[in-house]
Amino acid sequence: MDKKIRTRFAPSPTGGLHLGGVRTVLFNYLFTKQNNGEFILRIEDTDQTRFVEGAEEYINETLAWCGLQPDESPVKGGPYAPYRQSERKEIYRKYAEELVEKGIAYYAFDTPEELDTKRKEIPNFKYDLSTRNSLNNSLTLSDDEVKELLDKNTPHVIRVKMPEENETVSFVDLIRGEVHFNTSESDDKVLLKADGMPTYHLAVVVDDYLMKITQAFRGEEWLPSAPVHVYLWKHLFGIENMPQWAHLPLILKPDGNGKLSKRDGERLGFPVFAMNWTDPRTNESTQGFRERGFLPEAFVNMLAVLGWNDGTEQEIYSMDELLEKFSVEKIHKGGAKFSYDKALWFNHEWIKKLSAEKLLPYIKNVFAEKNIVVKDDAVLLKVIDLVKERCTLLPDFVEQSSFFFQSPDTLDIASVLPKWNEHKNNFFIELIRSYELATAFDAETLEHSFKEMAAASQLKPGELMLPFRIMLVGGKFGPHVFDIAAVLGKEETVKRIKRGLSILEN
RNA sequence: GGAGCGUUGGUCAAGGGGUUAAGACACCUCCCUUUCACGGAGGAAUCACGGGUUCGAUUCCCGUACGCUCUACCA
């Protein structure tokens, strides 16, 4: 039992990594690192027809962005390389044939077309104990016939022969407890395809064994085929060497029911992929959480509590806290509907939580995209602290603070004009004079002199603050006006008041 | 159709044989703020249904309903 903990994430490179995939990685990673184990990335690219260029790189980049780096991977290498199943092709045939010799598997020569017509003719057709004796395989053919077909390189597959007697396979799932299946319910899954590649069913078992995997996390959709894997383990490597299974609950659509899909994101207007993804075949691109303006901390946090809760009221977790508090036993059994509103809330919380220094590179990036030039990082740091609590997504910083770095294009004078008069106009002329002479230009003294002058002019400060804000900011938003003026500095503040006045005059 | 898994407010969820059934998101009202936010207060659940077991069940057991997943030479 003091075996080194080893887990794996085994995606197939067919497109962008979605929420569910990243969460599987997260839970895997958390569990592994809590136990000083090793986390492996294994690429399951056994289906050449579904292989998509760039998908593997995308997975690597996503893991890096989330801070979930594997200890062994195709890129990083490791003692059990290669980590791409297509490069391990030669390994699998041996095991499939071993199974044939043991009578646990058999050769099948039925063509896909033949099986297709069977499926059309017979409702609920399954290649299983009820049909295999009337099909074209080494169970029905004589040894000589089989040998001849094999010698002639006739295309064939190897299928498991699920037991005929009512054998119950049960195993303990880390999340669901004991799960039972009757083996006769499973069909005779293909293990080795005609092209010599293994199917998932053979490949997971073989590779999990060869790579000494101790715990296997995967989505709940795999539960029905688990008995096949357990059966294979039993005859290939022994049940006692089988990893512990953990079938994670699904992430569901926010509306209705069913697995969350890329389509739902498009339909409802939120990302489902971690990062931008462009399908090289269709050129169709999908926005990711990263490009939408999510912080990796928030993304990871949001995923962690989708289907897991530590029993306390805590909702905001850093990676370190997750590493400390995560537990597999507290993962839920039922699926959870994804809520984009909640995801936004997490991002907002993380923007508030992170220091201006940490936020700085993200904000500069977002500004650069809008061609906003920031000359002085120290100013930007101050600005970030001033506006961060009103930003939910990173690009919100542009809206909320671009006026610090460039004068607003237009002023919302409609909000001022109806109540604008000569009296107020004079006040601002006075204010310009006063501010020009000011020796200190901090928010507090600015506010103080502003209010004193207002009192002297028999005006309520409140009536003057909105026009002042519009002149500086352009609209009805942003931090306290005097904080803004202080950051802007004397010259710029005065300049903007003058400009505002000239616009209001017309 | 079959098998497996699941079911606490609109959503995420805590809890667990006896409770006023936590908390968060969203929504609404109010307070704070003469901007927008933040923040604060308040507002919603006969714990899917029906049977048991029990002095007592939302909590344990069995059914039913509903939902989901799988049922490919895809993963």
Side-chain angles (χ1 to χ4, degrees), chain A residues 10-14 44-47 49-50 85 108 110-112 115-116 119 123-128 155-159 173 175-176 179-182 184-187 189-201 203-204 218-227 247 249-250 252-259 302 305-316 330 332-346 348-349 352 387-392 396 399-400 412 415 460-470 473 475-481 484:
Chain A
S12 59
T14 54
E44 311 225 328
D45 54 348
T46 54
D47 185 358
T49 63
R50 293 215 312 157
Q85 288 182 332
D110 321 83
T111 65
L115 293 175
D116 268 353
R119 274 188 268 268
N124 299 325
F125 171 80
K126 277 165 91 179
Y127 206 122
D128 65 2
H156 64 277
V157 301
I158 294 180
R159 312 185 83 112
D173 185 277
I175 294 166
R176 284 146 218 285
V179 187
H180 309 267
F181 290 90
N182 192 321
S184 62
E185 301 290 352
S186 296
D187 58 345
K189 294 261 182 262
V190 169
L191 262 23
L192 201 72
K193 298 185 261 190
D195 64 2
M197 278 288 195
T199 59
Y200 173 82
H201 307 290
V204 244
R218 56 176 15 171
E220 189 188 338
E221 66 267 29
W222 289 108
L223 207 41
S225 57
H247 290 91
L250 269 13
L252 277 12
K253 309 177 190 298
D255 57 341
N257 291 300
K259 265 203 287 190
M302 176 269 291
V305 297
L306 235 197
W308 171 80
N309 180 289
D310 77 350
T312 70
E313 287 182 13
Q314 183 171 359
E315 289 197 276
I316 302 297
K330 295 245 178 207
H332 304 144
K333 295 184 177 81
K337 289 182 186 171
F338 173 69
S339 161
Y340 185 58
D341 278 332
K342 191 82 187 217
L344 288 173
W345 178 79
F346 276 109
H348 189 27
E349 290 301 309
K352 286 193 284 177
V387 305
K388 67 182 195 178
E389 68 187 20
R390 37 205 103 208
C391 297
T392 301
D396 292 348
E399 280 169 50
Q400 289 296 328
D412 176 16
S415 305
K460 284 186 205 149
E463 293 179 61
L464 299 163
M465 246 124 87
L466 186 62
F468 191 28
R469 166 177 299 279
I470 302 288
V473 176
K476 289 197 275 187
F477 64 93
H480 289 291
V481 241
I484 296 171

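Chain letters run A, B, ... following the sequence lines, proteins first, then strands; residues in each count from 1. Here the structure is a predicted model, which means the values were calculated and not measured.
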Below 3.5 Å is the cut-off: list the nitrogen or oxygen pairs between protein and nucleotides 63-69 of chain B, distance only.
residue: B:U69; atom: OP1; partner: A:K259; partner atom: N; Å: 3.4

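Nucleic acid contact for A:E44: sugar-phosphate only, since backbone atoms but no base atoms lie under 4.0 Å from a heavy atom of the residue. Within 4.0 Å of A:S225, counting heavy atoms only, lies no atom of the nucleic acid at all. At a threshold of 4.0 angstrom between heavy atoms, the contacts of A:T49 with the nucleic acid are absent. In this structure, A:G478 reaches the bases: a heavy-atom distance under 4.0 Å links it to at least one base atom across the strands shown. Residue A:P227 is classed as having no contact, given no heavy-atom separation below 4.0 Å to the nucleic acid. A:G307 comes within 4.0 angstrom of sugar-phosphate atoms only, judged by non-hydrogen atoms across all strands, and of no base. Among the protein residues, A:D45 comes within range of no part of the nucleic acid, since none of its heavy atoms lies under 4.0 Å from any strand. If you check every strand for non-hydrogen atoms under 4.0 Å, A:G462 touches a base. Nucleic acid contact for A:V179: sugar-phosphate only, since backbone atoms but no base atoms lie under 4.0 Å from a heavy atom of the residue.
Between the base of B:A24 and the side chain of A:K342 there is a donor-acceptor pair shorter than 3.5 Å.
Side chain to side chain, A:H247 and A:R176 fail the donor-acceptor criterion of an N or O pair below 3.5 Å. In this structure, a donor-acceptor pair under 3.5 Å is present between the side chains of A:D47 and A:T49.
The 5' end of RNA chain B is approached more closely, in terms of each residue's nearest nucleotide, by A:W308 than by the other of A:K476 and A:W308. With the nearest nucleotide of RNA chain B identified for both A:Q400 and A:V305, A:V305 has the one nearer the 5' end.
Using a 30° and 60° split on the angle between ring planes, A:Y127 and A:F125 fall in the perpendicular class, above 60°. Ring geometry for A:H201 against A:W222 counts as perpendicular: the plane angle is over 60°, on a 0 to 90° scale with 30° as the lower cut.
Side chain of A:A336, nearest nucleotide from B:A75, B:C12, B:C38: B:C12. Closest to the side chain of A:F181, out of B:U34, B:G4, B:C74, is B:G4. When distances are taken from the side chain of A:H480 to each of B:A75, B:A24, B:U33, the shortest belongs to B:U33. When the nucleotides B:U34, B:C38, B:A3 are ranked by their closest atom to the side chain of A:P461, B:U34 comes out on top. Side-chain proximity of A:F477 to the nucleotides B:A26, B:A75, B:U35 is greatest for B:U35. Taking the side chain of A:A194 as heavy atoms from C-beta on, and the options B:A13, B:A75, B:C73, the nearest nucleotide is B:C73. Of the candidates B:A22, B:U35, B:G4, B:A22 carries the atom nearest the A:E313 side chain, counting heavy atoms from C-beta on. Looking at the side chain of A:K352, the nearest of the listed nucleotides B:A24, B:G39, B:A22 is B:G39. Comparing B:C73, B:U35, B:C12 by their nearest atom to the side chain of A:K337 picks out B:C12. Looking at the side chain of A:H332, the nearest of the listed nucleotides B:A13, B:U34, B:A75 is B:A13.
B:U29 and B:G4 have their P atoms separated by 50 Å, given to the nearest Å. B:G10 sits 16 Å from B:A22 when the P atoms are compared, rounded to a whole Å. As rounded to the nearest Å, B:A45 and B:G9 have C1' atoms that lie 5 Å from one another. Nucleotides B:A13 and B:G6, compared at atom P, are 15 Å apart to the nearest Å. Nucleotides B:U19 and B:G15 are separated by 9 Å at their C1' atoms, to the nearest Å. Across B:G18 and B:G2, the matching C1' atoms stand 43 Å from one another, rounded to whole Å. On the P atoms, B:A41 is 33 Å away from B:C49, given to the nearest whole Å. Nucleotides B:G43 and B:G23 place their C1' atoms 16 Å apart, quoted to the nearest Å.
The two residues A:G475 and A:D412 make their nearest non-hydrogen contact at CA-CB, 4.2 Å. Nearest heavy-atom pair, A:G196 versus A:L192, reported as atom, atom and distance to 0.1 Å: O-CD1, 3.5 Å. Nearest heavy atoms, A:G478 versus A:R469: O-NH1, 3.4 Å. Residues A:D128 and A:S186 share a closest heavy-atom pair of CB-O, 4.2 Å.
Of the side-chain N and O atoms in A:K330, none sit less than 4.0 angstrom from OP1 or OP2 of B:A14. Distances shorter than 4.0 Å separate none of the side-chain N or O atoms of A:R50 from OP1 or OP2 on B:A72. Here A:T199 does not reach the OP1 or OP2 of B:C74: none of its side-chain N or O atoms lies under 4.0 Å away. At the phosphate of B:U8, neither OP1 nor OP2 sits under 4.0 Å from any side-chain N or O atom of A:K333.
Syn is the conformation of B:C38, whose glycosidic angle sits no further than 90° from 0.
One interatomic measurement links the two molecules: CG of A:D187 to P of B:G2, which rounds to 17 Å at whole-angstrom precision. Rounded to whole angstrom, the span from the CE atom of A:M465 across to the P atom of B:U35 amounts to 7 Å. At whole-Å resolution of the value, CH2 in A:W345 and C1' in B:U11 are 14 Å apart. Protein atom CZ of A:R159 is 13 Å distant from nucleotide atom P of B:U71, rounded to whole Å. Counting to the nearest Å, the C1' atom of B:A75 and the CZ atom of A:R218 are 10 Å from each other. When the P atom of B:U11 is taken as reference, atom CZ of A:F338 falls 16 Å away, rounded to whole Å. Distance A:D110 CG to B:A72 P: 14 Å, rounded to the nearest Å. Distance, A:E315 CD to B:A26 C1': 13 Å, rounded to whole Å.
Side-chain contact between A:T199 and A:K193 is present, with heavy atoms from C-beta onward closer than 4.5 Å. Contact of the A:F338 side chain with the A:L252 side chain is not registered, since no non-hydrogen atoms from C-beta on lie closer than 4.5 Å. With contacts defined as side-chain heavy-atom distances shorter than 4.5 Å, the pair A:Q400/A:F477 qualifies. A:I470 has its side chain within reach of A:K476: a pair of non-hydrogen atoms, C-beta onward, lies under 4.5 Å apart.
Counting non-hydrogen atoms of neighbouring residues, nucleotides and ligands closer than 6.0 angstrom, the NZ atom of A:K460 reaches no more than 12 such neighbours.
Ionic pairing of A:K259 and A:E220 is not present here: no N-O contact between side-chain nitrogen and carboxylate oxygen is shorter than 4.0 angstrom.
Stem analysis of RNA chain B (at least three stacked-register Watson-Crick or G-U pairs, each with both distances under 3.5 Å) gives B:1-7 with B:65-71, B:10-12 with B:23-25, B:27-31 with B:39-43, B:48-52 with B:60-64.
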